[in-house]
Amino acid sequence: MGVTELGKLIPDSIRKTVDFAQLSNKIIALDAYNALYQFLASIRQPDGTLLMDSRGRVTSHLSGLLYRTINLLENRIWPIYVFDGKPPEEKTLEIVRRRRVREEAMDKWAKLLEEGKKEEARKYAQRALFLTDDMVNDAKKLLSLMGLPVVQAAADGEAQAALIAKENKAWAAGSQDYDSLLFGAPRLVRNLTITGRRKLPNKDEYIEVKPEILELNDVLKALKLRDRTQLIDLAILLGTDLNPDGIPGIGPQKALKLIQEFGSLEKLIQGPLKNVQFSMDPLKIRDYFLNPPYNPNYTIEFRQPNEKGIIELLVYEHDFNEDRVKNALERLRKAMSRRRESTLDSFFG
DNA sequence: CTACCATA
DNA sequence: TATGGTAGG
């Protein structure tokens, strides 16, 4: 999702790879849906089946959330999870399109499973991602019980996270997507995982993956763009959630050249793109990225975890193994008790 | 994705 | 102690 094409234009030279230690004492506003979808894509059995409790309710996302978050906290990285609100009306088309893609993937998955083609089935299972209200509510509940701030976005979680970072309430926005840069996050952290090793899709090869920091200013400079508006205009040519297809026949290099030469969408619409049909008024899309819905009513508070509540939720309600959870709680308690000493320097660096 | 255990 | 394979729910 998001503006994946934009990534192809961002050179490695401005991607600062770091260790977890270098993110120590930083607050990061994480796109919760982005994380949850990642967990749903990867925490599966070899045939693609998700982890579920005895009542058939999905738990993969809770497992991922629990362990990854504890790893962050043990490295004194302080996450704020930002959840999507109501999607803007303009996104309806894209939501419908994604539902269709998911349903097709589901069918394909079931078919391949019947044929006994496990590995191939898994690929389609990973595209058949869906988050139900129950799953989202469980995730929010778990995070709250862990003592972590949960922020409800007005609409786009990425937008809310970007603005939290822009206001210096967080040091960076965290997501795999690049949208938060369009929404004005001064800094984006990607690959916020612990493992370091990641399997290459469709191959039995592994590559090293480290957290990666991108500065908005570096991106603008590297692409020779004047300001964020030009970056947004570029993204619109490539395709965003509001115009998923971008402009047929215009790839990353050509789009960049057009923005550099003509300076703005307005000029392009009057000039070389005169006859292009946009699925939605591109200037409206731009305005959405410049002025997204935002919820100013949120608090950022880190508290000691409610251990009984977590056991109630994970062990009694969702059939997690009690020893494993208690082990995790031990780590969580220690990590959270170190919060006070690093409160004051969190906004700087 | 990550924890955990088997193996060297 | 480090790595690889696999279960987790």
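Computed from a predicted structure; not experimentally measured. Proteins come first, then strands; the chains are lettered A, B, ... in the order of their sequence lines, and each starts at number 1.
- For residues 216-233 of chain A, the side chain to side chain donor-acceptor pair (under 3.5 Å) pairs, not counting sequence neighbours, are D233(A)-R286(A).
- For F278(A), the ring-ring contact (aromatic ring centres under 6.0 Å, His included) test picks out no residue, with sequence neighbours left out.
- The side chain to side chain donor-acceptor pair (under 3.5 Å) pairs that include a residue from residues 267-285 of chain A number zero, where partners must be two or more places apart or lie in different chains.
- For residues 148-164 of chain A, the set of pairs meeting the salt bridge (Lys or Arg N to Asp or Glu O under 4.0 Å) definition, not counting sequence neighbours, comprises K91(A)-D156(A).
- The distance between atom CZ of F20(A) and atom P of dC1(B), rounded to the nearest whole Å, is 12 Å.
- Look at K326(A) and E330(A) and you find no salt bridge, because none of the NZ, NE, NH1 or NH2 atoms lies under 4.0 Å from a carboxylate O.
- Sorted by first and then second residue, the ring pair (Phe, Tyr, Trp, His ring centres under 6.0 Å) pairs with a member in residues 38-69 of chain A form an empty list; sequence neighbours excluded.
- Across residues 135-151 of chain A, not one residue has a non-hydrogen atom less than 4.0 Å from an atom of DNA chain C.
- Taking atom CG on L129(A) and atom C1' on dC1(B), their separation rounds to 14 Å, with Å as the unit.
- Sequence neighbours left out, not one pair with a member in residues 29-51 of chain A passes salt bridge (Lys or Arg N to Asp or Glu O under 4.0 Å).
- To the nearest angstrom, C1' of dC1(B) lies 12 Å from CG of L66(A).
- Within the structure, every pair that satisfies the salt bridge (Lys or Arg N to Asp or Glu O under 4.0 Å) test and touches residues 291-308 of chain A, not counting sequence neighbours, is listed here: E307(A)-R333(A).
- For the pair L36(A) CG and dC1(B) P, the computed distance is 14 Å after rounding to whole Å.
- Sorted by first and then second residue, the side chain to side chain donor-acceptor pair (under 3.5 Å) pairs with a member in residues 242-258 of chain A read T240(A)-N243(A); sequence neighbours excluded.
- Distance, Y67(A) OH to dA7(C) C1': 11 Å, rounded to whole Å.
- Sorted by residue number, the members of residues 40-53 of chain A with any non-hydrogen atom under 4.0 Å from DNA chain C read I43(A), R44(A), Q45(A), L50(A), L51(A), M52(A).
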K16(A) and E212(A): CA distance, side-chain angles, deciding distance, salt bridge (charged side-chain N to carboxylate O under 4.0 Å, His left out) verdict: CA-CA 5 Å; K16(A) 293 177 237 172; E212(A) 172 181 291; over 6 Å; no
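- A search for side-chain hydrogen bond (donor to acceptor under 3.5 Å, both in side chains) contacts involving R324(A) returns nothing, not counting sequence neighbours.
- The distance between atom CG of L192(A) and atom C1' of dT2(B), rounded to the nearest whole Å, is 14 Å.
- Atom CZ in F39(A) sits about 16 Å away from atom C1' in dG9(C), given to the nearest Å.
- The stretch residues 311-335 of chain A touches DNA chain B through R324(A), N327(A), R331(A), each having a heavy atom under 4.0 angstrom from the strand.
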